[in-house]
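Working notes, structure below.
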Amino acid sequence: MTDAVTTPTTPTPPPYPHLFRPLTIGGLTLPNRSVMGSMHTGLEDRIWHADQLGEFYAERARGGVGLIVTGGITPTRSGDLMPFGGRMATPLAVLHHRRITDAVHREGGRIAMQILHAGRYGVTPFKAAPGTEPSPIHPFKHIRMTEGMIRRTIRSYGRAARLARKAGYDAVEIMGGEGYLINQFLCPHTNDRTDRWGGSTANRQRFLVEVIDEIRRQVPRDFPVILRQSIADFVKNGQTFDEIALMSRRAERHGVDAINTDIGWHEARVPTIVTSVPRAAFVKFTERLRDEVSIPLIASNRINTPEVAEGILANGKVDAVSMARPLLADPHFMSKAKEDRADEINTCIGCNQACLDHAFVGKPISCLVNPRAGRETKLVLSPTRHAKKVAVVGAGPAGLSAAVSAAERGHQVELFEARDSIGGQFSIAARIPGKEEFHETIRYFSTQLDKLGVTVHLNTHASASDLADGGFDHVIISSGVIPRVPAIEGVDHPSVMTYAEAVRGEREIGGTVAVMGAGGIGFDVSEFLTTPTGPDSPAVNLKEWEQEWGVDDDPAAVGALTKPRPAEPLRQVYMVQRKASRQGKTLGKTTGWVHRAAVKMKKVEQISGATYEKIDDDGLHLAFYDEKDGTRTLTGRRVLNVDSIVLCTGQESVTDLVEPLREAGITFDVVGGADLAAELDAKRAILQGTEAAAAIA
Ligand code: NAP
Ligand code: SF4
């Protein structure tokens with residue numbers, strides 16, 4: 001027997017070397033450079049949600065994130081985000097929070113509690129703020145803080161930090177950005193005081209300095225204190241960079257151990273987190289602080305892949321990255337990155353539909369691409385003991401989630417798709433400028449189908465007899481929708497096309513276009529028709545995007561703002577609807593304003609209250625009526641003399657398999673648009689697909 005000759009091999013370099021270096025913040029060492037940024041989950045406020053919240057964080061700790069920061073916990077009643085919101089002020093609160101910290105520590109994780117006083121951003125009648133300017137986006141008038149209230153509030157921050165430490169938190173984070181109380185003190189926009197808490201920069205910064213001092217008095221020096229600091233307010237009369245730099249230096253001197261940078265107020269009219277904001281758009285603002293402080297700097301906003309995170313850290317100016325929604329979308333983001341399985345990461349697409357849109361109406365948050373987020377204990381994909389042969393018909397979001405979830409449970413899954421690629425409505429959405437992230441979801445599902453051994457039949461229209469002959473035990477019908485073609489005279493004119501044809505590039509589109517329908521898709525299509533694609537698109541070209549929204553990175557710019565200079569639209573577009581109401585009213589709570597502002601910038605003419613009369617060579621004929629006491633009076637007519645007309649007039653379900661399968665006696669579920677076209681909604685579709693797979697007996 002001869003000894004085996006071993007050839008020396010070069011060790012494979014770790015996939016993201018900068019992301020996986022340890023980092024020390026105060027007395028705490030993190031195993032890597034990732035922080036799960038604070039998100040209000042809706043589970044912070046009630047004692048009976050403690051275990052659910054604990055499991056939510058524990059899942060992220062198992063996934064390997066360096067540090068978790070909780071949703072904002074208020075230090076005192078005047079700072080509540082909502083009546084009786086989560087507060088850290090009593091021994092009972094310590095017991096409640098102990099269940100959360102224990103859950104995280106059992107998994108080897110680390111967790112910081114964020115102390116947040118909402119100031120004028122509270123949705124309560126008891127709220128207090130430094131100045132007189134009311135919040136433009138919240139109900140209730142606030143009380144202007146007296147000297148005594150300011151003193152008591154400062155003490156309450158110290159108490160909250162002391163109690164947080166007692167509850168087992170590894171650190172605290174002071175929320176000093178996003179337009180909450182501390183930010184309200186810092187900015188002349190909301191601080192019109194003439195006493196020692198307002199006026200000069202030093203006076204406006206006094207509140208935060210005293211909060212830091214008070215916290216330091218109540219916790220030992222090695223207990224880490226992080227400051228979430230606004231590095232660009234994006235409001236008029238916001239801070240200049242010089243003021244922010246001064247505050248950062250003072251924070252370091254007074255005992256802050258790291259600065260987690262934050263961008264824009266909730267009332268700002270510059271988007272900061274939606275999908276159309278270019279990735280890592282604000283990192284340069286964080287990097288500018290490098291010459292000012294020596295404590296760790298954490299960058300945030302639109303950092304959603306390990307490649308982006310690694311690129312930021314490799315520059316050497318930023319020490320860690322904060323990702324909140326990306327860890328909602330995939331709790332195992334970090335462990336997958338570490339194991340070089342980044343293609344398996346379910347990427348956050350910045351849609352806000354199940355997270356922030358929920359948080360702003362007081363609903364528990366989840367995630368559109370990962371409906372198990374926040375439902376960790378309820379929506380469980382348990383391994384099956386009786387593997388079944390499952391057919392999924394239609395590879396849109398509902399079908400993809402059903403196929404992947406059923407296969408994950410151990411079922412034998414085949415996926416049938418009539419088109420030549422997977423993605424359904426997502427592959428249309430991904431072509432809209434600013435929605436490129438939707439490709440990531442298709443990439444994720446494609447990887448999972450492969451990994452889980454799902455057989456995918458493209459270009460295949462599965463009939464009931466095919467499915468019966470195939471011996472399937474269960475069918476999930478996710479055959480989606482087709483665009484609705486309304487019964488209008490001349491709708492078959494050559495200038496008319498559906499939104500799917502227009503966006504997929506299947507039809508020529510002229511220089512003047514009428515978009516019929518002003519729902520989510522009407523807005524998307526209007527943006528698609530007026531915005532350049534490719535490298536000049538503001539969605540990927542940061543300079544273009546900054547010009548469009550009026551972002552100014554000059555250190556002297558007040559609030560980092562300048563006059564917006566949007567590019568000229570590619571086409572003249574008219575967006576028409578029958579309802580008389582304002583267009584775009586039903587768009588997402590936190591994203592709708594961005595779409596409404598974008599079509600305005602693109603000079604889209606919005607026409608409401610129209611009746612479609614006919615379409616002919618002259619274009620789209622509209623009529624307008626006044627209705628009074630049941631009588632309709634014609635008030636005007638208008639012909640939109642356009643080259644092209646795009647139908648964005650809703651959808652109809654494709655359900656042709658339902659009856660034949662029923663007759664064949666095959667059990668089935670109907671999910672997504674095939675179930676309900678009227679409220680075509682990817683959030684519901686992915687949830688329904690996952691639930692259907694979880695329920696297969
Ligand atoms: P939608 O929001 O229901 O809008 C359909 C539009 O078609 C409405 O403007 C409606 O307005 C018009 N319409 C309906 N029936 C018609 C008919 N028979 N004849 C002429 N016009 C008709 O649906 P969608 O735009 O197709 O969007 C589908 C779903 O995806 C929605 O839930 C939407 O919220 C969501 N989505 C959201 C976004 C976003 O938030 N950015 C983007 C894309 C999709 P009138 O009846 O007043 O004319
Ligand atoms: Fe990201 Fe959308 Fe999920 Fe929110 S709902 S975490 S924005 S993918």
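Whatever order the structure lists them in is the order used to number ligands and atoms, beginning at 1.
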Does ligand 1 have a heavy atom under 4.0 Å from the side chain of [X], from its backbone, from both, or from neither?
{"X": "C648", "answer": "backbone"}
{"X": "Y612", "answer": "side chain"}
{"X": "K435", "answer": "side chain"}

Which is closest to [atom] in terms of heavy atoms, [options]?
{"atom": "atom 6 (S) of ligand 2", "options": "E437, K683, R325", "answer": "R325"}
{"atom": "atom 19 (N) of ligand 1", "options": "G609, P486, A580", "answer": "P486"}
{"atom": "atom 14 (C) of ligand 1", "options": "E527, R484, Q583, R684", "answer": "R484"}
{"atom": "atom 9 (O) of ligand 1", "options": "A518, G650, C351", "answer": "A518"}
{"atom": "atom 13 (N) of ligand 1", "options": "H595, Q425, R578, K683", "answer": "R578"}
{"atom": "atom 36 (N) of ligand 1", "options": "S608, G592, G520", "answer": "G520"}

Query raised in the report: According to the interplanar angle, ranging from 0 to 90°, do the rings of H266 and Y121 count as parallel (below 30°), tilted (30 to 60°) or perpendicular (above 60°)?
Result: tilted
Can you tell me which residue and heavy atom of the protein come closest to [atom], and the distance to 0.1 Å?
{"atom": "atom 3 (Fe) of ligand 2", "result": "C367 SG, 2.4 Å"}
{"atom": "atom 8 (S) of ligand 2", "result": "I349 N, 3.4 Å"}
{"atom": "atom 4 (Fe) of ligand 2", "result": "C355 SG, 2.3 Å"}
{"atom": "atom 5 (S) of ligand 2", "result": "L368 N, 3.1 Å"}
{"atom": "atom 7 (S) of ligand 2", "result": "N352 N, 3.0 Å"}

Report summary line: Atoms of ligand 2 under 4.0 Å from any heavy atom of A354, numbered from 1 in the order shown, are 5 (S)
**Report entry** Residue K338 excluded, over 12 heavy atoms near NZ under 6.0 Å
**Finding:** no
Requested in this report: Check each of R375, K378, R62 against E55 using the salt bridge (Lys or Arg N to Asp or Glu O under 4.0 Å) test, and report the only one that passes.
Outcome: R62
Query raised in the report: Is a salt bridge present between E437 and R279, judged by a nitrogen-to-oxygen distance below 4.0 Å?
Result: yes
Report task. Considering only NZ, NE, NH1 and NH2 on the basic side and carboxylate oxygens on the acidic side, decide whether D330 and K336 come within less than 4.0 Å. Result -> yes
Query - Distance under 6.0 Å and angle within 45° of ring axis: R60 vs F56 - result: yes
Ligand-residue contact atoms, ligand 1 with [X], heavy atoms, under 4.0 Å:
{"X": "Q651", "result": "26 (O), 28 (C)"}
{"X": "D524", "result": "42 (C), 43 (C)"}
{"X": "Q577", "result": "47 (O), 48 (O)"}
{"X": "K579", "result": "10 (C), 11 (O), 45 (P), 46 (O), 47 (O)"}
{"X": "L587", "result": "39 (C), 40 (O)"}

Query raised in the report: If you measure every N/O of I521 against every N/O of ligand 1, is any gap under 3.5 Å?
Result: yes
Query raised in the report: Does the S653 side chain pair with the main chain of G673, one donor and one acceptor, at a distance under 3.5 Å?
Result: yes
Query - Whether C348 has an N, O or S atom under 2.8 Å from atom 4 (Fe) of ligand 2 - result: no
Requested in this report: Look at the N, O or S atoms of C351, main chain and side chain alike, and state whether any lies under 2.8 Å from atom 2 (Fe) of ligand 2.
Outcome: yes
